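Notes for the one structure printed next.
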Amino acid sequence: EPEVTQTPSHQVTQMGQEVILRCVPISNHLYFYWYRQILGQKVEFLVSFYNNEISEKSEIFDDQFSVERPDGSNFTLKIRSTKLEDSAMYFCASSERGTSTEAFFGQGTRLTVV
Amino acid sequence: SQKIEQNSEALNIQEGKTATLTCNYTNYSPAYLQWYRQDPGRGPVFLLLIRENEKEKRKERLKVTFDTTLKQSLFHITASQPADSATYLCALGQRSGNTPLVFGKGTRLSVIA
């Protein structure tokens, strides 16, 4: 069965450092998303990406965040200068046709900012 | 303001019984409603999708209903098993494919043998 893969599974970083979280979505999917989940809280939307550009972003997705699809398969989330409150699970997801179809989530990257 | 409420944070039931989880929303007009299962430390896994013009959807032991008048979805697991223990998330999707899913906080279900 096709799956979304994310690397790394865990990342510990110093406050102020840059991190890049990587995702390989399912190959024939057109819509890509990043969500995050702070421990014990709900899954929160960060950004959606369609047709090689950001289609929507939340208030959380400020200037410190960026996304790229550098080579047609990988989908990355960069946090330029991490803060303690960026500590969370980050999930990448993809879907074939947006919210009218199921979203496939990766297993997540647990980011810890110290 | 917009809200999605899964009105039980935790639900404990006996094995073999039917679990019923509720998802209520306000100030949304979703075209789709989806249910996901999430195990600790893992990503959500899709279970069922129901459209605004559908009343009910079934898949094996799972059933979901969608009442756009009441702004509510019910999610049922019949003949529950300890392996069904997990957090169940409801998520709303708008008609535009670009608009992301918005998740409720989830209900943690424990099925006791």
Side-chain angles (χ1 to χ4, degrees), chain A residues 1-6 9-10 21 23 25-26 29-61 67 88-110 112, chain B residues 1-10 21 23-25 28-54 57 59 62 64 66 73 86-108:
Chain A
E1 181 163 316
E3 61 178 13
V4 174
T5 55
Q6 288 186 243
S9 54
H10 293 91
L21 311 184
C23 169
I26 293 171
H29 285 185
L30 301 178
Y31 295 83
F32 313 111
Y33 310 90
W34 283 100
Y35 288 84
R36 79 171 186 190
Q37 187 174 32
I38 294 169
L39 189 63
Q41 299 192 23
K42 66 178 182 178
V43 175
E44 297 177 289
F45 168 72
L46 292 178
V47 65
S48 56
F49 196 84
Y50 170 73
N51 204 23
N52 287 319
E53 60 182 23
I54 290 175
S55 51
E56 193 154 331
K57 57 186 180 179
S58 73
E59 290 174 355
I60 304 167
F61 194 88
V67 288
M89 278 288 271
Y90 287 80
F91 294 110
C92 172
S94 69
S95 70
E96 203 172 342
R97 294 191 305 276
T99 52
S100 64
T101 53
E102 65 186 281
F104 289 79
F105 282 77
Q107 294 296 9
T109 294
R110 180 173 298 285
T112 303
Chain B
S1 64
Q2 294 179 317
K3 278 188 195 175
I4 303 171
E5 289 179 329
Q6 295 189 245
N7 60 353
S8 298
E9 195 170 307
L21 285 63
C23 175
N24 295 291
Y25 57 91
Y28 281 106
S29 296
Y32 312 97
L33 194 145
Q34 303 190 24
W35 284 87
Y36 287 79
R37 170 184 173 138
Q38 188 176 29
D39 291 288
R42 314 283 289 219
V45 175
F46 172 79
L47 296 173
L48 280 169
L49 180 153
I50 188 165
R51 292 175 167 74
E52 60 181 335
N53 60 351
E54 297 175 315
K57 211 74 170 288
K59 179 181 169 185
L62 309 180
V64 64
F66 191 10
S73 175
T87 296
Y88 291 86
L89 313 177
C90 89
L92 305 185
Q94 306 291 349
R95 197 161 286 104
S96 162
N98 289 341
T99 310
L101 288 173
V102 180
F103 283 84
K105 198 172 176 188
T107 296
R108 190 173 65 252

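What you see below is based on every heavy atom in this structure, not just the backbone, and it leaves out hydrogens, waters and symmetry mates. Predicted, not measured: the structure shown is a model, and the values here were computed from it. Naming convention: chains lettered A, B, ... in sequence-line order (proteins, then strands); numbering from 1 in each chain.
Interface remark: Phe103(B) contributes backbone and side-chain atoms alike to the contact with chain A (heavy atom separation under 4.5 Å). For a residue to count as touching a neighbouring chain, one of its non-hydrogen atoms must lie under 4.5 Å from one of that chain's; by this rule Leu101(B) touches chain A with backbone and side chain alike. With a 4.5 angstrom heavy-atom cutoff, Thr101(A) touches chain B only via backbone atoms. Contact annotation for Leu48(B): neither backbone nor side-chain heavy atoms come within less than 4.5 Å of a heavy atom of chain A.
The number of heavy atoms from other shown groups lying within 6.0 Å of NZ (Lys57(B)) is above 12. Heavy atoms of other residues, nucleotides or ligands lying less than 6.0 angstrom from CD of Glu59(A) number 12 at most. Residue Arg108(B) places its CZ atom among 12 or fewer non-hydrogen atoms of other residues, nucleotides or ligands, all under 6.0 Å distant.
Taking CD of Gln94(B) as the reference point, atom CD of Glu56(A) lies at 9.0 Å (rounded to 0.5 Å).
When each of Gln37(A), Arg110(A), Glu102(A) is checked for heavy-atom pairs under 4.5 Å with chain B, Glu102(A) comes out on top.
Partners of Arg42(B) by side-chain hydrogen bond (donor to acceptor under 3.5 Å, both in side chains), not counting sequence neighbours, listed by chain and number: Gln107(A).
Contact check for Pro100(B) versus Tyr35(A): side-chain heavy atoms found under the 4.5 Å cut-off.
Taking every heavy atom of both residues into account, Leu49(B) and Ser100(A) meet most closely at CD1-O, 3.4 Å. Residues Ala103(A) and Tyr36(B) come closest through the heavy atom pair N-OH, 3.1 Å. Across all their heavy atoms, Phe91(A) and Gly43(B) have their closest contact at CE2-CA, 3.3 Å.
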